[in-house]
Each structure stands twice: as structure tokens, then as C-alpha cells.
Novice: 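One structure follows; several queries about it will come next.
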Amino acid sequence: MRTKDKLLELLQNHSGEWYSGEEIAASLAVSRAAIWKAAMSLRNDGYIIDAVRNRGYRLSSEADNLSELGIWKYLRPECRMLDIRLLQEVGSTNVLLREKADAGYPEGTVLIASTQTDGRGRLGRKFYSPAETGLYMSLLLRPGSLLPEQAVRLTTIAAVAVCEAVEAASGKQAEIKWVNDIFVDRKKVCGILTEGSISMESGGFDYVILGIGINVYQPQDGFPAEIVSTAGAVFDRVQKDQKNILAAGILNRFIGYYLSGNYDRCSKEYRKRSMVIGREISLSLNGKQVKALAVDVDQQCRLVVKYENGETACLTAGDISVKME
Ligand code: BTN
């Protein structure tokens with residue numbers, strides 16, 4: 001870990017508190033000059049770091065600093081089984097968590113990154129994951145009794161948990177584009193990637209990785225050209241502690257639904273927020289784009305569609321596009 005990352009971790013876990021250069025240098029076993037250089041480099045990255053002679057350094061408590069302690073502050077007691085690890089930079093939290101799952105890490109391991117260099121989206125796409133403005137989180141589950149065909153339930157619970165947390169934090173209405181894209185003000189602010197490994201012995205899941213990526217703010221350099229017309233952010237301006245509040249809000253709600261098994265209530269909340277029901281959609285069928293009417297999202301969260309020839313079908317997975325008014 002670089003001195004800069006170690007300094008950030010230390011300051012993040014004590015956000016708003018002063019630390020003298022001497023104390024930090026001793027705890028990180030580097031010179032005070034190295035601490036100064038690391039603090040300036042963090043400032044260049046956009047962190048609001050106060051540096052005052054005779055007092056030392058502190059991370060502004062008014063800024064939106066993601067931290068493990070900051071997330072724990074908002075978590076409910078039923079989340080105590082979680083093991084949350086915050087990383088500054090990773091390729092992909094889903095990929096790293098898969099490695100940990102293969103190595104035997106338990107259910108409830110959560111990886112959260114400040115930035116991803118190779119964030120993954122559905123259908124082999126990339127997920128743009130710039131530093132500072134997003135929340136990139138993966139949760140390891142070992143739902144032994146869940147059958148592979150029921151996996152969509154986990155995505156459904158995650159989508160509802162994200163919507164509820166976004167709504168509570170921002171006061172804005174969140175909508176779901178089947179299966180699992182979350183929209184605010186008609187722009188995609190969150191994507192969910194669920195990946196699993198099936199046990200050959202039981203035919204059930206060995207593990208499931210639930211990856212959630214949120215654009216909390218507009219990226220400093222804007223969204224890349226390929227997504228600029230479709231992507232949006234939850235908040236218009238930086239607000240204190242929102243990333244910790246959102247991370248905890250999602251985990252609280254997800255774990256609540258997951259442990260209670262109250263899937264019926266969850267699927268009701270999902271349907272309430274569906275932005276596709278009753279609208280014309282286009283989807284890929286046998287390699288061809290076809291039009292259909294999205295009639296409903298059923299109890300199992302399958303999308304019920306009616307094709308132009310009058311036939312109906314229940315879709316369990318896929319990628320649809322909806323025309324935005
Ligand atoms: C999509 O919109 O297609 C799904 C995007 C999922 C992105 C999240 S960010 C955290 C986790 N790690 C990844 O590499 N992807 C997921």
C-alpha cells in the first residue's frame with residue numbers, strides 16, 4: 001500500500017480529527033516530509049485535507065468521505081455479521097470477492113472500493129467507476145438452499161434495497177428498469193451485477209456475489225461519451241457523509257429482506273417502482289431486435305411481454321430498452 005493510501009485510510013477512519021505529522025510519520029514508519037507529500041497528492045485527487053502548523057492534518061468532516069467506521073455508524077444490529085473492507089483502488093470488487101469466496105471467505109464479506117480500474121457490468125460491458133464520485137460495493141452470499149432459477153430474487157432484493165436507500169437519502173423517486181438498472185430523473189444511476197458459482201454436489205449455490213455500482217455524484221470530468229446521454233447521478237452536489245449513508249442504507253435493507261425471507265413484500269416494492277410496465281420495449285430475441293409491450297412483472301420478477309403477433313412470454317433474464325419520453 002502506498003503512503004498516500006495508508007494516510008487516507010488513517011484520516012478516513014478518524015474523519016474530522018487532527019493528527020500531528022509526527023504521530024502519523026511514526027505510525028506509518030515514514031518521514032514527515034513523506035507525509036506532507038502524500039497529503040498534497042491527496043489534495044490533488046480532490047480530498048479536502050486541512051494541514052495546520054502545530055496541529056497536523058485532518059480530513060474535513062464536511063466532505064463526503066467513505067470509511068468503514070462511517071458506514072458502521074449507520075448500520076442496524078442485524079448487519080453485525082458483515083465484515084466490511086474498504087479498498088482505495090481495485091480492478092473490480094466482484095472479481096476480487098470471487099477470489100475470496102473461492103478461498104472460503106464467509107457469507108457477509110463486503111468489499112467496497114473508492115475506485116475500480118476494471119469495473120464490470122452485465123453482458124461483458126464495463127462499468128465506469130471513477131474515484132470520489134461513486135460507490136462500488138460487492139457482497140458475498142452463501143444462500144445454500146436457493147435454487148439457481150431463484151437467483152433473480154437476490155437481484156430483486158438488491159434493486160429494491162438500492163431504491164429505498166436512494167429515496168431515503170435523496171428524497172428523489174427511484175425507478176427500476178427490468179431487471180436491475182436503477183434510474184433517477186430518467187437517468188441510470190446504479191447497475192447491479194449478480195454472479196454465482198454452482199456446487200456440482202448439491203446443484204445449489206456455492207456462493208453468489210452481488211455487485212452494486214452507484215453514481216453518487218457526476219464524475220469530475222463528466223461521463224464518457226458512450227454513456228453520457230443515459231447516465232446520471234443521485235445527487236447534484238457533494239453532501240456530507242452521503243456515501244456512508246447510502247452504503248449502510250443499502251446493506252441494512254438488503255440484509256433485512258434477505259434474513260426475513262419476506263420476498264412477497266419485496267416483489268411488491270419492485271413492481272411499484274417498475275418503469276417498464278405498460279410501455280413499449282425492444283428486446284433481443286434469437287439475435288434479432290423485436291418490439292413488445294411490457295405487460296407486467298410477475299411474482300417471480302419475470303417480465304411478462306406481449307409481442308406484436310399477440311403471443312405472450314415470461315422472460316427471466318435479458319436486456320431490454322425502453323423509449324424515454
Ligand atoms: C451494469 O450496470 O451492467 C451492472 C454494473 C455493476 C457494477 C458493480 S460496481 C461493484 C461491482 N464490481 C464490479 O466490477 N461490478 C459491480
Side-chain angles (χ1 to χ4, degrees), residues 66 71 82 84-102 105 108-141 151-152 154-163 165-166 174-184 186-197 207-217 219 223-224 226-234 243-244 246-251 254 273 275-276 283-284 301 303 317-322 324:
L66 197 52
I71 295 170
L82 298 179
I84 300 174
R85 296 164 189 223
L86 179 64
L87 308 154
Q88 293 311 325
E89 181 180 299
V90 289
S92 152
T93 52
N94 263 35
V95 171
L96 186 59
L97 195 53
R98 270 191 102 118
E99 288 168 20
K100 300 211 179 286
D102 287 331
Y105 275 58
T109 306
V110 180
L111 297 184
I112 300 181
S114 296
T115 179
Q116 298 184 118
T117 51
D118 193 18
R120 288 151 42 102
R122 290 174 63 237
L123 308 169
R125 297 183 190 127
K126 298 243 171 257
F127 187 78
Y128 183 57
S129 314
E132 292 311 296
T133 54
L135 178 64
Y136 317 108
M137 170 160 84
S138 298
L139 167 63
L140 171 57
L141 301 167
V152 69
L154 298 175
T155 310
T156 310
I157 297 178
V160 171
V162 170
C163 285
V166 163
E175 293 181 292
I176 305 168
K177 185 183 134 242
W178 186 86
V179 182
N180 51 11
D181 288 341
I182 312 298
F183 280 64
V184 167
R186 299 275 140 150
K187 298 276 183 187
K188 175 171 168 176
V189 300
C190 168
I192 299 171
L193 175 65
T194 313
E195 301 181 285
S197 165
Y207 62 80
V208 171
I209 307 280
L210 196 74
I212 299 173
I214 304 192
N215 307 323
V216 182
Y217 305 108
F223 288 106
E226 332 59 282
I227 55 170
V228 73
S229 60
T230 50
V234 175
K243 283 188 251 165
N244 292 330
L246 272 178
I250 294 167
L251 291 169
F254 182 87
R273 293 177 176 81
M275 61 189 277
V276 301
L283 59 104
S284 163
C301 269
L303 183 68
D319 201 32
I320 63 167
S321 55
V322 193
M324 300 284 177

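Note that ligands are numbered from 1 as they come in the structure, with each ligand's atoms numbered from 1 the same way. None of the values given here were measured: they were computed from a predicted structure. This chain uses plain numbering: 1 for the first residue, then up along the sequence.
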Novice: Of the protein's non-hydrogen atoms, which lies at the shortest distance from atom 10 (C) of ligand 1, and what is that distance?
Specialist: Thr93 OG1, 3.2 Å
Novice: So which protein heavy atom does atom 8 (C) of ligand 1 come closest to, and at what separation?
Specialist: Gly213 N, 3.6 Å
Novice: Considering only protein heavy atoms, which is closest to atom 3 (O) of ligand 1, and at what distance to one decimal place?
Specialist: Arg122 N, 2.7 Å
Novice: Could you tell me whether the side chain of Tyr136 and the main chain of Gly211 form a donor-acceptor pair under 3.5 Å?
Specialist: no
Novice: Atoms of ligand 1 less than 4.0 Å from Gly211 heavy atoms?
Specialist: 8 (C), 11 (C), 16 (C)
Novice: Would you mind checking which non-hydrogen protein atom is closest to atom 2 (O) of ligand 1, with the distance to 0.1 Å?
Specialist: Lys188 NZ, 2.6 Å
Novice: Are any of the N or O atoms of Ser92 closer than 3.5 Å to those of ligand 1?
Specialist: yes
Novice: Classify the side-chain pair Asp118/Ser92 by whether it contains a donor and acceptor separated by less than 3.5 Å.
Specialist: no
Novice: Below 4.0 Å from ligand 1: does a non-hydrogen atom of Arg125 turn up there or not?
Specialist: no
Novice: Under 4.0 Å from a heavy atom of Gly119: give me the atoms of ligand 1 that qualify, with their elements.
Specialist: 14 (O)
Novice: Does any part of the side chain of Asp319, heavy atoms only, come nearer than 4.5 Å to the side chain of Leu123, both counted from C-beta?
Specialist: yes
Novice: Quick one: does Lys100's side chain have a donor or acceptor within less than 3.5 Å of a partner on Val110's backbone?
Specialist: no
Novice: Should Asp118 be counted as touching ligand 1, given the test is an N or O pair under 3.5 Å?
Specialist: no
Novice: Are any non-hydrogen side-chain atoms of Phe127 and Leu193 less than 4.5 angstrom apart?
Specialist: no
Novice: Go through ligand 1 atom by atom and flag the ones less than 4.0 Å from a non-hydrogen atom of Met137.
Specialist: 10 (C)
Novice: Relative to the heavy atoms of Gly121, which atoms of ligand 1 are at a distance of less than 4.0 Å?
Specialist: 1 (C), 3 (O), 4 (C), 5 (C)
Novice: Is Leu123 touching ligand 1 with its side chain, its backbone, both, or neither, if touching means heavy atoms under 4.0 Å apart?
Specialist: neither
Novice: Near Leu193, which atoms of ligand 1 are under 4.0 Å from a heavy atom of that residue?
Specialist: 6 (C)
Novice: Do Asn180 side-chain atoms and Ile192 backbone N/O form a donor-acceptor pair below 3.5 Å?
Specialist: yes
Novice: Are Leu82 and Leu139 side-chain neighbours, meaning at least one heavy-atom pair lies under 4.5 Å?
Specialist: yes
Novice: For ligand 1, indicate whether the residue Ile192 contacts it via side chain, backbone, both or neither (heavy-atom separation under 4.0 Å).
Specialist: backbone
Novice: I would like to know whether Glu89 and Thr117 meet side-chain hydrogen bond (donor to acceptor under 3.5 Å, both in side chains); could you show each step before the answer?
Specialist: CA-CA 7 Å; Glu89 181 180 299; Thr117 51; 5.0 Å; no
Novice: Using a 4.0 Å cutoff against the non-hydrogen atoms of Ile212, which atoms of ligand 1 qualify?
Specialist: 8 (C), 9 (S), 10 (C)
Novice: Taking the side chain from Asn215 and the backbone from Gly232, do they hold a donor-acceptor pair closer than 3.5 Å?
Specialist: yes
Novice: Which residue supplies the protein heavy atom nearest to atom 15 (N) of ligand 1, what is that atom called, and how far is it?
Specialist: Arg120 O, 2.7 Å
Novice: Which residue holds the protein heavy atom closest to atom 5 (C) of ligand 1, what is that atom called, and what is the gap in Å?
Specialist: Phe127 CD1, 3.4 Å
Novice: Enter the distance from Ile212:CD1 to Thr194:OG1 here, rounded to the nearest 0.5 Å.
Specialist: 8.0 Å
Novice: Checking salt bridge (charged side-chain N to carboxylate O under 4.0 Å, His left out) against Glu175, which of Arg273, Arg186, Lys188 comes through?
Specialist: Arg186
